[in-house]
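All ligand and atom numbering here is 1-based and tracks the order in the structure. Note that these values count all heavy atoms, side chains included, but never hydrogens, waters or copies made by symmetry. Model, not experiment: these values are computed from the prediction.
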Amino acid sequence: MQKVFLIILVLVSVCACQSQNKDLLTISNLTMGTSYSIKIVANDIKYDKRALKKDIETILAKINQAMSTYIDDSELSRFNHTKSTAWQSISDDLYEVIEHGIRISILSDGAFDITVGPLVNLWGFGPDPFTQNIPSDLEIASIKQHTGYAKLSFDKSSKLIAKSDPDIMLDLSGIAKGYAVDKIAQYLDGHGFNNYLVEIGGELIGKGTNAAEQSWKIGIEKANPLSRIVQAIVGLDNIAMATSGDYRNYFEKDGVRYSHTINPVTGKPITHTLASVTVLTASAMHADALATAFMVSGPEKSLSLANELGVALYMLIKTKSGFEERYNHLFKPYLIH
Ligand code: ADP
Ligand code: MG
C-alpha cells in the first residue's frame with residue numbers, strides 16, 4: 001500500500017457517460033499510497049458533502065492505520081516487528097482481512113499468500129528502498145524460509161492471531177484496498193445512497209445506476225505500459241471489480257520485466273503469459289485478492305478455478321502478435337463491448 005501504486009493505480013478508467021446531471025457528487029483524494037474516487041448519484045437525498053467526505057476519510061484512515069506496512073506504528077507493522085510468537089489480540093478490521101487472505105491462500109493452493117511481505121521487499125516493491133538489484137538464489141531461499149501462510153494461527157472467537165516463526169511479515173497490499181472499497185460501500189448503503197461507484201487504486205464497486213440511469217461503465221485497459229487505451233468495457237451492475245496486471249508496477253533489467261506480483265513457490269516475480277486479470281464478485285475484498293491469486297496462477301489454472309468458484313473472470317494474455325482476450329461465461333453478461 002504505497003507510492004508505487006501511484007504509478008499503476010488506474011488499471012481501469014471511468015467512462016464519461018454519466019455527465020451533465022447536477023446530482024452527481026464526486027469525492028476524491030489520496031489514500032493507501034494511491035488515490036480514491038467516489039461518485040454518488042444523490043437524487044432526493046439530503047447530504048452535507050464536507051461531512052460525507054470527512055466520514056469517508058475517517059474510515060480510510062482507520063483501515064490504513066490498521067493495515068499499512070508503510071506506517072511504522074500501524075497495527076500490522078507492530079505485529080510484523082514483534083518477534084513474539086504468543087497470541088495477539090487484533091482489531092476486527094485487521095482480523096477480517098487476514099482471515100480472508102488465508103482463505104484465499106487455501107482456495108488458490110498458495111498462489112495468494114499474505115506472508116510474501118519479505119519477498120516483496122527483497123524485490124524492491126515494499127517499504128524498503130528500491131535498488132533494482134536482482135537478488136541471488138541464496139538470498140531468495142533464505143528469505144523464503146520465513147514465508148508461508150501455514151505459519152499463522154487463528155482464534156476466531158477472541159480475534160487472536162499468532163505466528164509460529166518470529167520472522168514472518170504480513171503484506172496486505174493485495175487485499176486491503178478491496179476491503180476499504182467494501183467498507184465505504186457499506187457506509188453509503190447505511191446512509192441511504194443507492195447509486196454510487198467507489199474506486200480505490202483501481203478496485204471498485206458499482207451500485208445502482210449512474211446519472212444517465214445506466215449501469216456504471218468501466219474500461220479495462222489494454223495491457224500496454226506506454227498507453228492508456230480501453231480494451232473492453234464492463235457494466236458494473238451491483239458488483240465489485242478488481243484488476244491486477246504486470247504492466248504498471250514493475251521494473252526492467254537486461255530486457256527482463258520484473259513484476260510486483262510474487263510467486264510464493266519460486267520467491268520470484270511471476271513469469272507467464274498473463275498480462276492482466278479482472279475479477280467480478282459481490283465483495284471487493286474477495287475480487288481484489290482473487291485477482292492477485294489469478295495473476296500468480298496463470299491463465300489455465302485461473303480459468304478452471306474461476307469456473308469452479310463461480311467467479312466472473314476476464315484475462316488479457318500475451319501472444320506472439322499481441323494480446324488475446326479470454327473470459328468465462330460468467331463474465332460475458334457484464335461485457336458491453
Ligand atoms: P494492485 O496493487 O496493482 O491492485 P494487487 O492487488 O495484485 O495489485 O496487489 C499486488 C501487491 O500484493 C504487491 O505489490 C505485493 O505487495 C502483494 N503481493 C505480491 N505478490 C503477492 C502474492 N502472491 N500474494 C499476496 N500478495 C502479494
Ligand atoms: Mg489484489
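- To the nearest 10 degrees, the angle centred on the Mg ion (ligand 2) between O in Gly174 and OG1 in Thr292 reads 100°.
- Looking at Ala111 next to ligand 1, an N or O pair under 3.5 Å apart turns up.
- Across Ile63, Leu76, Asp288, a single residue satisfies side chain to side chain contact (heavy atoms under 4.5 Å, CB included) together with Leu172, and that is Leu76.
- Of all atoms in ligand 1, numbered sequentially from 1 with element shown, those under 4.0 Å from a heavy atom of Asp288 are 6 (O).
- Interface of Asp113 with ligand 1, defined as ligand atoms under 4.0 Å from a residue heavy atom, comprises 22 (C), 24 (N), 25 (C).
- The aromatic rings of Phe125 and His260 sit perpendicular, their planes meeting at an angle over 60°, well past the 30° parallel limit.
- Between atom 9 (O) of ligand 1 and the options Gly201, Gly126, Ser108, Gly174, the minimum heavy-atom separation is to Gly174.
- Residue Val97 is grouped with residue Phe154 when hydrophobic side chains (ILVMFWY) are merged at heavy-atom distances under 4.5 angstrom, including chains of intermediate members.
- Atoms of ligand 1 found under 4.0 Å from any heavy atom of Val296 (numbered from 1 in listed order, with element): 23 (N).
- A side-chain donor-acceptor contact under 3.5 Å links Ser283 and Asp182.
- At a cut-off of 2.8 Å, Gly178 does not coordinate the Mg ion (ligand 2) through any N, O or S atom.
- For Asp288, the N/O/S atom at the shortest distance from the Mg ion (ligand 2) is named OD1.
- Ligand 1 is never approached by Phe125 to a heavy-atom distance shorter than 4.0 Å.
- The closest non-hydrogen atom to atom 11 (C) of ligand 1, taken over Ala291, Ser105, Ser173, Pro127, comes from Ser173.
- The atoms of ligand 1 that sit less than 4.0 Å from any heavy atom of Asp171 are 15 (C), 16 (O), 17 (C).
- Between Asp189 and Lys207 there is a salt bridge, since at least one side-chain N of the basic residue sits less than 4.0 Å from a carboxylate O of the acidic one.
- Taking only non-hydrogen atoms, the option from Met32, His260, Glu203 nearest to atom 4 (O) of ligand 1 is Glu203.
- A side-chain N or O of Asp171 and one of Ser173 form a donor-acceptor pair less than 3.5 Å apart.
- Taking the ring centre of Phe79 as origin, the terminal cationic atom of Lys163 falls inside the region bounded by 6.0 Å and 45° from the ring axis.
- For the residue pair Thr278 and Thr243, a side-chain donor N or O sits within less than 3.5 Å of a side-chain acceptor on the partner.
- If you run side chain to side chain contact (heavy atoms under 4.5 Å, CB included) between Ile184 and each of Asp55, Leu60, Ile205, Ile27, only Leu60 comes through.
- Every atom of ligand 1 is numbered from 1 in the order shown, and the set under 4.0 Å from a heavy atom of Pro264 is 23 (N).
- Counting the atoms of ligand 1 from 1 in the order shown, those under 4.0 Å from a heavy atom of Thr261 are 19 (C), 20 (N).
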